[in-house]
Number of protein chains: 2
Amino acid sequence: MKTNLKLRVQALGDPTRMAIFERLERGPLAVGEIARSLPVTRSAVSQHLKVLKDVGLVTSQRAANRQIYQIDADGVAGLRDYFDHFWQESLQSFKHAAEKSFKEKSQ
Amino acid sequence: MKTNLKLRVQALGDPTRMAIFERLERGPLAVGEIARSLPVTRSAVSQHLKVLKDVGLVTSQRAANRQIYQIDADGVAGLRDYFDHFWQESLQSFKHAAEKSFKEKSQ
DNA sequence: ATTTAAGGTTAGTCTTCACTAACCGTTAGT
DNA sequence: ACTAACGGTTAGTGAAGACTAACCTTAAAT
């Protein structure tokens, strides 16, 4: 399994980074635009975006003066798949535990 | 939206808690069993499990002397749904951005 | 009744990391 | 050329929280 997945969860574990991430849900934004809607400096936003980019949750591209960030849909899909797989495994193990418990009680 | 979702991501953001969480994927475990497979004390594991329980990612039940923890499948499903929804929104916004970019270039 | 093992709680320490301020390079406009 | 706005980088600080050690209760065993 990709260890990147854990790093992504770790990255989103910070409330400010999660807020930045959600700002990008509706579409690409420049660093300054994000910072203006948050109670932190551009510097902080820039650092957070670097983390998000390093773990593959956002991508960036230059537009003249500005740096435009947007969600990396593949990165999000990875997270969804991980939790989906996890969910299925959990259901499975729950079934087994329930059956085992039933057998133990009925003997 | 459930603010709980962000708390869940936050909870799994800690590597030790993520490790504990993954230990429970295959089935219910007691606190001591988890602690034995990790480089931290039972006390730490107990505290982490409390956090995971508070945000709805695990449940617990007594078995005589011991406290048995297991994954809360509903909690995991919530995370999966969140990221699935997020993924769809991101794809949508990506489409729009691409179309807009195409129009701008062709005019 | 004592012992043993389980797990939760608390106080205190220590590390991690989010944040700001200051600086730098870059680009567009005048 | 100069100015202004953008964004990335660094050093230093502060606060949040992960961890251990010590203590407590509870339950089963002898």
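Proteins come first, then strands; the chains are lettered A, B, ... in the order of their sequence lines, and each starts at number 1.
When each of A/V51 and B/I68 is assigned the nucleotide of DNA chain C with its nearest heavy atom, B/I68 is the one assigned upstream, toward the 5' end. If B/V40 and B/Q10 are placed on DNA chain D by their nearest nucleotide, the residue sitting closer to the 5' end is B/Q10.
Considering only the side chain of B/R66, C/dA6 comes nearest among C/dT9, D/dA5, C/dA6. When the nucleotides D/dA18, C/dG7, D/dC6 are ranked by their closest atom to the side chain of B/A30, C/dG7 comes out on top. Checked against D/dG8, D/dC19, C/dA28, the side chain of A/A64 finds its nearest nucleotide in C/dA28. Closest to the side chain of A/R62, out of D/dA27, C/dT27, D/dA21, is C/dT27. Nearest to the side chain of A/V31, among C/dT9, D/dG8, D/dA18, sits D/dG8. Set against C/dT26, D/dT26, D/dG8, the side chain of A/Q67 has D/dG8 as its closest nucleotide. Considering only the side chain of A/Y69, D/dG8 comes nearest among D/dC6, D/dT9, D/dG8.
In terms of phosphate contacts, A/T16 brings a side-chain nitrogen or oxygen within less than 4.0 Å of OP1 or OP2 of C/dC19. Between D/dC19 and B/R42, no contact under 4.0 Å exists linking OP1 or OP2 to a side-chain N or O. The side chain of A/H48 contributes no N or O atom lying less than 4.0 Å from OP1 or OP2 of C/dC17. For B/S46, no side-chain nitrogen or oxygen approaches OP1 or OP2 of C/dG7 to under 4.0 Å.
Nucleotide C/dC17 holds its C1' atom 18 Å from the CE atom of A/M18, rounded to whole Å. Taking atom CG on B/L38 and atom P on C/dG7, their separation rounds to 14 Å, with Å as the unit. What separates CZ of A/R17 from C1' of C/dA18 is a distance of 8 Å, to the nearest Å. If you measure from atom NZ of B/K53 to atom C1' of C/dT9, you get 15 Å, rounded to the nearest angstrom. Nucleotide D/dG12 holds its P atom 15 Å from the CD atom of A/Q47, rounded to whole Å. Rounded to an integer number of Å, the gap from A/R36 CZ to D/dC6 C1' is 10 Å. Rounded to an integer number of Å, the gap from B/D14 CG to C/dT16 C1' is 11 Å. With rounding to whole Å, B/K50 atom NZ is found 17 Å from D/dC19 atom C1'.
For A/K53 and A/T59, the side-chain atoms include no donor-acceptor pair closer than 3.5 Å. Between the side chains of B/Q47 and B/S43, at least one donor N or O sits under 3.5 Å from an acceptor N or O.
Judged by distance alone, with hydrogens and angles left aside, A/S43 brings a side-chain donor or acceptor within reach of the base of C/dA21, the pair sitting under 3.5 Å.
Side-chain contact check for B/L12 versus B/V55: every heavy-atom pair is 4.5 Å or farther apart. For the pair A/Y69/A/V31, a side-chain contact is recorded, criterion being any heavy-atom separation below 4.5 Å from C-beta on.
Crowding of B/R23 atom CZ: a count of heavy atoms from other residues, nucleotides or ligands under 6.0 Å exceeding 12.
Aromatic pair B/Y82/A/F83: centroids not less than 6.0 angstrom apart.
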